[in-house]
Amino acid sequence: MRLDSLDRQLLNLIQSSFPITPEPYRELAETLGTSEEEVLARLERLIACGVIRRLGPVFDSRMLGYCGTLAALKVPLERIPEVAAVVNSFPGVTHNYLREGDYNMWFTLLEENPDRLEAVLEEIKKRTGITEVLNLPSKRVFKIRVNFDLGEE
Amino acid sequence: MLSPREKEMIRVLQEGVPLVNRPYRVLAEKLRMSEEELLDVVKDFIRRGIIRRFGALVRHQDLGYGANALVVWQVPEERIEEVGLLMAAFDEVSHCYQRPPRLPDWPYNLFTMIHGRSPDDCREIAARLARASGIEDYLLLFSTAELKKSCMNYFLEE
C-alpha cells in the first residue's frame, strides 16, 4: 500500500506519542494540522490494510509475570505445514518464522509460568515427534526497539 | 503481583483503543470506572513498566525496511556484556539478547535482529558488527516465510 506524507507523519507520531487524554484523535489532528475525521479515517484504513497491527498498549510480558522463550525445531521440509499447524495452535506462540539452516522453524512462546512453558514444548515434541529442539530463553536483554522511523517522503 | 482487578483491566486494555472520539470512555465503561480513572490507570501502568509502550504497532517489513536477519554470534562468555552493549548501540540492530548456548550443535549465545534495505545490506551490516566486535563466528538466519505473527492476549483463562 502507498503511504502519503500525512500517513507517515501520523504513523511516526502514534508509534511514540499516542495521547493518553480524553480526545486523543482530536489532539493528533491538531498536531498534524488536519481534522479529527481525517485522522480517524486514515487510521481505519491503515488498520484495515494491516499496516497497523494494533493500536493500544504493548505490555511488558515479564512485568505481567509471564515467562518466554525462543525455540527452534529441525523440521523435514515436507512436514513443515503440518508441524507449523501444531506449533501455531498454541495461543502463547506469537511469532513463527521459517529460517535458513538445519534448525529451520523458529518461534516465540509466552506462558504464565515456567512449568506451563515446559509443558507446551513437551506437548509440541510429543505431537510432532520432532526431538531436535533448541529452547533458548533470554538470559539478558540488551535492547528491544519497537519504533521505526518511517520518514516523511 | 497483579491483582484480579488489574488483570481485568489488562484484558480490556489489550483489546486496543477504539476509533471513536472518546475512546478511553468506551474502555472505562466496560470496566465500570470513569474515563479519568482509566487514564490514571494507563499512566500508572506506564510508570510501573507494565505497559512498555502505548500507541501503534506497525508492520515495518512492508514499509521500506525490506530485509531483516536474525544474526547469531558465538561470543566468549567473559565478553558477553561488552559485545552485547556494543552491538545494541547500532541503529541497525533492533533487538539484542543473550541466550544460553546449546552444545554441541548450537554454540551461539548472542542474538541480534538487524534491519537493512536488502539481504546484501544485512550481510554488510553484520560484517560491520563483526569488525567492530572482533567476533568472527556468526550466522545470518534470513527468514524465508512468516508462519505466524500475532499479538499476545494475556490472562485469558481467568
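Just so it is clear, the values below take in all heavy atoms, side chains as well, and ignore hydrogens, waters and symmetry mates. Here the structure is a predicted model, which means the values were calculated and not measured.
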Atom [atom1] in [X], atom [atom2] in [Y]: separation rounded to 0.5 Å?
| X | Y | atom1 | atom2 | result |
| --- | --- | --- | --- | --- |
| Asn21(B) | Glu36(A) | CG | CD | 4.5 Å |
| Glu132(A) | Arg102(B) | CD | CZ | 15.0 Å |
| Arg52(B) | Leu64(A) | CZ | CG | 10.5 Å |
| Arg53(A) | Cys151(B) | CZ | SG | 4.5 Å |
| Tyr97(B) | Ile144(A) | OH | CD1 | 3.5 Å |
| Met87(B) | Phe142(A) | CE | CZ | 10.5 Å |

side-chain contact (heavy atoms from CB on, under 4.5 Å) between Leu19(B) and Tyr25(A), worked out:
CA-CA 8 Å; Leu19(B) 297 176; Tyr25(A) 304 115; 3.6 Å; yes
Test side-chain contact (heavy atoms from CB on, under 4.5 Å) on Leu57(B) and Ile52(A); report intermediate values, then the result.
CA-CA 6 Å; Leu57(B) 211 59; Ile52(A) 295 176; 5.9 Å; no
For [X] versus [Y], what's the shortest heavy-atom pair and its separation?
| X | Y | value |
| --- | --- | --- |
| Pro23(B) | Pro24(A) | CG-CG, 3.5 Å |
| Arg48(B) | Met63(A) | O-CE, 2.9 Å |
| Leu39(B) | Thr21(A) | CD2-N, 3.8 Å |
| Lys74(A) | Asp105(B) | NZ-OD2, 4.0 Å |
| Ile20(A) | Lys43(B) | O-CE, 3.6 Å |

Select, from [options], the one with the greatest count of heavy-atom pairs under 4.5 Å involving chain B.
| options | result |
| --- | --- |
| Gly65(A), Pro137(A), Ala84(A) | Pro137(A) |
| Ser138(A), Pro22(A), Gly101(A) | Pro22(A) |
| Ser17(A), Ser61(A), Ala72(A) | Ser61(A) |

Tell me whether [X] shares a hydrophobic cluster with [Y], the cluster being built from Ile, Leu, Val, Met, Phe, Trp, Tyr side chains joined at under 4.5 Å.
| X | Y | value |
| --- | --- | --- |
| Leu13(B) | Leu43(A) | yes |
| Tyr24(B) | Leu40(A) | yes |
| Val93(B) | Val72(B) | no |
| Val71(B) | Leu98(A) | no |

So does [Y] get a backbone contact from the side chain of [X], meaning a donor-acceptor N/O pair under 3.5 Å?
| X | Y | answer |
| --- | --- | --- |
| Arg53(B) | Gln15(A) | yes |
| Lys143(A) | His95(B) | no |
| Arg54(A) | Ala56(B) | no |
| Arg99(B) | Leu136(A) | yes |
| Asn96(A) | Lys149(B) | no |
| Lys148(B) | Tyr97(A) | no |

Chain A contact via [X] - side chain, backbone, both or neither, heavy atoms under 4.5 Å:
| X | result |
| --- | --- |
| Phe90(B) | backbone |
| Ile10(B) | both |
| Glu81(B) | both |
| Ile80(B) | both |
| Leu2(B) | side chain |
| Arg22(B) | both |

So do the side chains of Thr144(B) and Arg99(A) get within less than 4.5 Å of each other, counting heavy atoms only?
no
If you count heavy-atom pairs under 4.5 Å between each of [options] and chain A, which one has the most?
| options | answer |
| --- | --- |
| Asn153(B), Leu27(B), Leu70(B), Thr112(B) | Leu70(B) |
| Gly49(B), Gly16(B), Pro18(B), Gly84(B) | Gly84(B) |
| Met113(B), Met1(B), Glu35(B) | Glu35(B) |
| Leu140(B), Leu139(B), Asp91(B) | Asp91(B) |

Mind telling me whether Phe59(A) and Tyr154(B) have parallel, tilted or perpendicular rings, with 30° and 60° as the class edges?
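Ring orientation of Tyr154(B) relative to Phe59(A): perpendicular.
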side-chain contact (heavy atoms from CB on, under 4.5 Å) evaluation trace for Phe18(A) with Val17(B)
CA-CA 10 Å; Phe18(A) 189 89; Val17(B) 185; 4.2 Å; yes
If I measure from the heavy atoms of chain B, does [X] come under 4.5 Å with its side chain, its backbone, both, or neither?
| X | value |
| --- | --- |
| Val39(A) | neither |
| Pro19(A) | backbone |
| Thr108(A) | neither |
| Phe107(A) | neither |
| Leu70(A) | both |
| Glu100(A) | both |

Take a 6.0 Å sphere around CD of Glu15(B) and say whether it holds more than 12 heavy atoms from other residues, nucleotides or ligands.
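Counting neighbours around CD of Glu15(B), more than 12 heavy atoms of other residues, nucleotides or ligands fall under 6.0 Å, so yes.
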Evaluate side-chain contact (heavy atoms from CB on, under 4.5 Å) for Leu141(B) paired with Trp106(A), printing each intermediate quantity in order.
CA-CA 10 Å; Leu141(B) 304 174; Trp106(A) 291 78; 3.6 Å; yes
